[in-house]
Amino acid sequence: MIREADKNDLKEILQLYLCLHETSIPEDSAQLRETWDTIIGDENHHLIVCEVDGKIVASCVCVIIPNLTRNVRPYAFIENVITHKDYRKKGYATACLNRAKQIARETNCYKMMLLTGSKEKDTLNFYKNAGYNSSDKTAFIQWIDM
């Protein structure tokens, strides 16, 4: 089942993020809870999950960004695309990305973008097969206080 995360999903999502690039789950704190409440309460922030047998096994974030160009049409930014290692190659992340695309269409976005830190051929092909290309834009990242 593909759905948007709800308030009760925090623990499972943090556990899933261990398969992304995290090395530990953040300590339960006021900052964590406040951030979670902000994410869940933001109508432009969509944390999409794939649930199989009651367990969240894949996810992505789709943020709709208001914009003053392109006829004042917003764009969508995709981040934190992840599938639990035991559930990969079953179409779950693709289903999450498809839901993100549906949200982007419903909100009249003119484009969707994502960044990946992966250089793995399989990962890059996954994004290409999902309809993304790496030729239209050049991405630059500046890390702050990392």
Open item on the list: Surrounding CZ of Arg73 (heavy atoms of other residues, nucleotides or ligands, distance under 6.0 Å), is the total greater than 12?
Closed with: yes
Open item on the list: Taking atom NZ as the centre, does Lys11 end up with more than 12 heavy-atom neighbours from other residues, nucleotides or ligands that are less than 6.0 angstrom away?
Closed with: no
Open item on the list: As an exercise, state the distance from SG of Cys50 to CZ of Arg3, rounded to the nearest 0.5 Å.
Closed with: 10.0 Å
TODO: May I ask you to decide if Thr83's main-chain N or O and Arg88's side chain share a donor-acceptor pair within less than 3.5 Å?
DONE: yes
Task: Residue pairs passing the side-chain hydrogen bond (donor to acceptor under 3.5 Å, both in side chains) test where at least one lies in residues 14-41, sequence neighbours excluded - done: Lys7-Asp37, Asp28-Arg33
TODO: Would you mind reporting whether Lys89 and Asp122 have side-chain heavy atoms less than 4.5 Å apart?
DONE: yes
Open item on the list: Are Phe77 and Leu114 packed together at the side-chain level, in the sense that at least one heavy-atom pair is separated by less than 4.5 angstrom?
Closed with: no
Open item on the list: In this structure, would Ile48 and Ile64 fall into the same cluster of hydrophobic residues linked by side-chain contacts under 4.5 Å?
Closed with: yes
TODO: Flag yes if Ile13 and Ile2 sit in one hydrophobic cluster, no otherwise; membership is Ile, Leu, Val, Met, Phe, Trp, Tyr, and two members link when side-chain heavy atoms are under 4.5 Å apart.
DONE: no
Task: Co-membership, hydrophobic cluster, residues Leu124 and Val81, 4.5 Å side-chain - done: no
TODO: Could you state whether Tyr92 and Leu97 fall into the same hydrophobic cluster, counting links through intermediate Ile, Leu, Val, Met, Phe, Trp or Tyr residues with side-chain heavy atoms under 4.5 angstrom apart?
DONE: no
Open item on the list: Per the side-chain hydrogen bond (donor to acceptor under 3.5 Å, both in side chains) rule, what does the pair list look like for residues 136-146, sequence neighbours excluded?
Closed with: Asn133-Asp136
Task: Under 3.5 Å: donor-acceptor pair, side chain of Asp9, backbone of Asp6 - done: yes
Task: Gap between atom CG of Leu47 and atom CD1 of Ile39 - 0.5 Å precision - done: 6.5 Å
Task: Donor-acceptor contact below 3.5 Å, side chain Glu12 vs main chain Ile56 - done: yes
TODO: Could you please spell out the steps behind the side chain to side chain contact (heavy atoms under 4.5 Å, CB included) verdict for Val57 and Glu51?
DONE: CA-CA 6 Å; Val57 300; Glu51 189 176 12; over 6 Å; no
Task: Distance-only donor-acceptor check, side chains Arg105 and Gln102, under 3.5 Å - done: no
Open item on the list: Ile78 vs Val61, test: side chain to side chain contact (heavy atoms under 4.5 Å, CB included). Steps then yes/no.
Closed with: CA-CA 6 Å; Ile78 308 301; Val61 171; over 6 Å; no
Open item on the list: Suppose we screen for ring-ring contact (aromatic ring centres under 6.0 Å, His included). Which residues come up paired with Tyr87, at least two apart in sequence or across chains?
Closed with: His84
Task: Heavy-atom closest contact (Asp42 atom, Asn44 atom, distance) - done: OD1-N, 2.8 Å
Open item on the list: Contact between Asn67 and Tyr110 at the side-chain level, heavy atoms closer than 4.5 Å - yes or no?
Closed with: yes
Open item on the list: Please find the pair of heavy atoms, one from Leu14 and one from Pro26, that lie closest to each other, and give the distance.
Closed with: CD2-CD, 4.0 Å
- [ ] Looking only at non-hydrogen atoms, find the nearest pair between Cys109 and Tyr75 and report the distance.
- [x] SG-C, 3.6 Å
Open item on the list: The test is side chain to side chain contact (heavy atoms under 4.5 Å, CB included); show your working for Arg99 and Glu4 and say whether it passes.
Closed with: CA-CA 9 Å; Arg99 177 66 181 121; Glu4 290 206 38; 4.2 Å; yes
Task: Donor-acceptor contact present, side-chain Asn80 to main-chain Cys60, <3.5 Å - done: no
- [ ] Indicate, with yes or no, if Met113 and Ile82 share a hydrophobic cluster defined by side-chain heavy-atom contacts under 4.5 Å among Ile, Leu, Val, Met, Phe, Trp and Tyr.
- [x] yes
